[in-house]
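What's counted below: heavy atoms across the whole structure, side chains too, no hydrogens, waters or symmetry copies. Source: prediction; values computed, not measured. In each ligand, atom 1 is the first atom listed, and ligand 1 is the first ligand listed.
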Amino acid sequence: MLTVQHLTKRYPNHTAVDEVSFSVREGETLVLLGTSGCGKTTTLKMINRLIEPTAGRVDLNGTDIRRQNVHDLRRTIGYVIQETGLFPHYTIAQNIAVVPQLLGWADQRIRQRTAELLAMLHLPEASLHQYPDQLSGGQRQRVGLARALAADPPVVLMDEPLGALDPVTRASIRREFRHLDALRQKTIVMVTHDVQEAFELGDRVCLMDKGRIQQIGTPKELLLRPANDFVRRFFDDQRLTLQLQTVTLQDLLPLLATYQPMPSDTLLLPPDTSVSDALKAMAEGQTAAVQLADVVGPLTSQNLLSAFGQWRQSPPS
Ligand SMILES: Nc1ncnc2c1ncn2[C@@H]1O[C@H](COP(=O)(O)OP(=O)(O)OP(=O)(O)O)[C@@H](O)[C@H]1O
């Protein structure tokens with residue numbers, strides 16, 4: 001458990017982070033979201049002591065991080081940044097091995113772990129002996145992640161980890177990240193200014209403005225129960241897309257068709273399927289049903305969109 005309490009960073013003429021408090025449970029991903037300059041990176045860097053706070057504290061599993069040796073602390077916290085921070089004159093294998101070597105792992109163990117990470121992150125074996133500038137941006141980003149995960153740290157901090165990538169690569173690596181078991185078990189704090197990314201990767205989102213938290217909650221809570229006008233306006237531009245991503249079949253059940261026996265080859269979708277995923281699954285015009293004890297059906301793109309339209313007319317408050 002990572003706990004941040006009243007964390008504050010003041011510069012002579014400016015308060016970059018103002019009394020920020022939150023907790024991140026083991027295995028949870030918290031996304032710090034907000035416009036440029038709102039204090040996301042400063043908050044993140046105070047967690048691994050790259051920046052010392054003016055006030056407040058950070059506890060990792062109940063211990064104040066200031067009580068820990070700073071080098072030990074950084075070895076237990078993985079760190080991924082936008083430009084990957086790879087050493088240009090080290091091969092990929094050497095870059096991945098940096099922390100295990102500092103920890104004194106035997107060569108054989110490092111080789112084994114490196115091979116495991118390459119396979120997990122879909123990196124070609126040949127890349128081991130290449131240098132960062134011989135790889136594509138997407139591959140470099142995967143190496144950055146491999147390096148952060150090498151010694152299996154329980155906590156990983158990510159600062160705009162996909163920021164340098166084109167939108168297509170970005171979306172595909174984002175999907176990979178979401179399905180990576182090695183990341184699911186980690187406590188992750190991730191910084192982004194990309195709302196889609198925050199909604200896709202965050203279990204909870206912490207929306208910041210001018211150094212302060214405006215709201216912290218699940219993507220759905222922020223979208224449906226904004227704490228103030230700032231939060232409401234922040235999502236205005238992308239409201240429809242975000243609703244398609246967060247509203248689930250379960251939410252629409254009262255608006256969908258009633259029980260009806262379905263043919264045995266019907267595509268069954270779990271109730272927590274988002275409207276956009278359900279529409280994708282039915283892209284070929286296939287009929288589906290929500291997978292419940294008493295099956296609701298039939299579910300077609302048309303009746304789903306019609307239920308979603310009704311839901312949008314009067315979303316729950
Ligand atoms: N060393 C510093 N001295 C003075 N002000 C600073 C310093 N570092 C950061 N700031 C200011 O603190 C504020 C927060 O910066 P921070 O980098 O945390 O924002 P951010 O939300 O991560 O923005 P971005 O998305 O653009 O990286 C900004 O106004 C920035 O100019």
*Check each of Thr42, Thr41, Thr192, Leu44 against atom 27 (O) of ligand 1 and report the one with the nearest heavy atom.*
Thr41
_atom 4 (C) of ligand 1 touched by protein heavy atom at under 4.0 Å_ = yes
_Can you report which non-hydrogen protein atom sits closest to atom 25 (O) of ligand 1, along with the distance?_
Lys40 NZ, 3.0 Å
*Please determine, by modelled atom types, if Asp272 and Gln250 share a side-chain donor-acceptor pair under 3.5 angstrom.*
no
*asked:* Assess the residue pair Leu299 and Val290 against the criterion (side-chain contact (heavy atoms from CB on, under 4.5 Å)); give the C-alpha distance rounded to whole Å, side-chain angles, the decisive distance to 0.1 Å, and a yes or no.
replied: CA-CA 7 Å; Leu299 194 62; Val290 191; 4.1 Å; yes
*Is His14 in polar range of ligand 1, meaning some N or O pair under 3.5 Å apart?*
yes
*Are there protein heavy-atom neighbours of atom 31 (O) of ligand 1 below 4.0 Å?*
no
*asked:* Quick test: of every protein heavy atom, which one is nearest to atom 10 (N) of ligand 1, and how far off is it to 0.1 Å?
replied: Tyr11 CE1, 3.7 Å
*Relative to ligand 1, is Met208 under 4.0 angstrom through side chain, backbone, both or neither, heavy atoms considered?*
neither
*Under 3.5 Å, is there a donor-acceptor pair between the Gln196 and Gln245 side chains?*
yes
*Between Thr41 and Asp159, do the side chains contain an N or O donor and an N or O acceptor separated by less than 3.5 Å?*
yes
*Are any of the heavy atoms in Gly39 under 4.0 Å away from ligand 1?*
yes
*asked:* To check your reading of the model: name the closest protein heavy atom to atom 12 (O) of ligand 1, its residue, and the distance in Å.
replied: Ala16 CB, 3.2 Å
*Side chains of Arg111 and Gln108: do they bring a donor and an acceptor to under 3.5 Å?*
yes
*asked:* Closer than 4.0 Å to some heavy atom of Cys38 - which atoms of ligand 1 meet that?
replied: 19 (O), 20 (P), 21 (O)
*asked:* I need the atoms of ligand 1 closer than 4.0 Å to a non-hydrogen atom of Gly37, numbered in the order shown.
replied: 13 (C), 14 (C), 19 (O), 20 (P), 21 (O), 23 (O), 24 (P), 26 (O), 28 (C), 29 (O)
*Mind checking whether Ser36 has an N or O less than 3.5 Å away from an N or O of ligand 1?*
yes
*Met158 and its side-chain contact (heavy atoms from CB on, under 4.5 Å) partner, picked from Leu32, Val31, Thr29, Leu145*: Leu145
_Counting only heavy atoms from other residues, nucleotides and ligands, does the tally under 6.0 Å from CD of Glu125 exceed 12?_
no
*Do the two ring centres, one from Phe230 and one from Phe235, sit under 6.0 Å apart?*
no
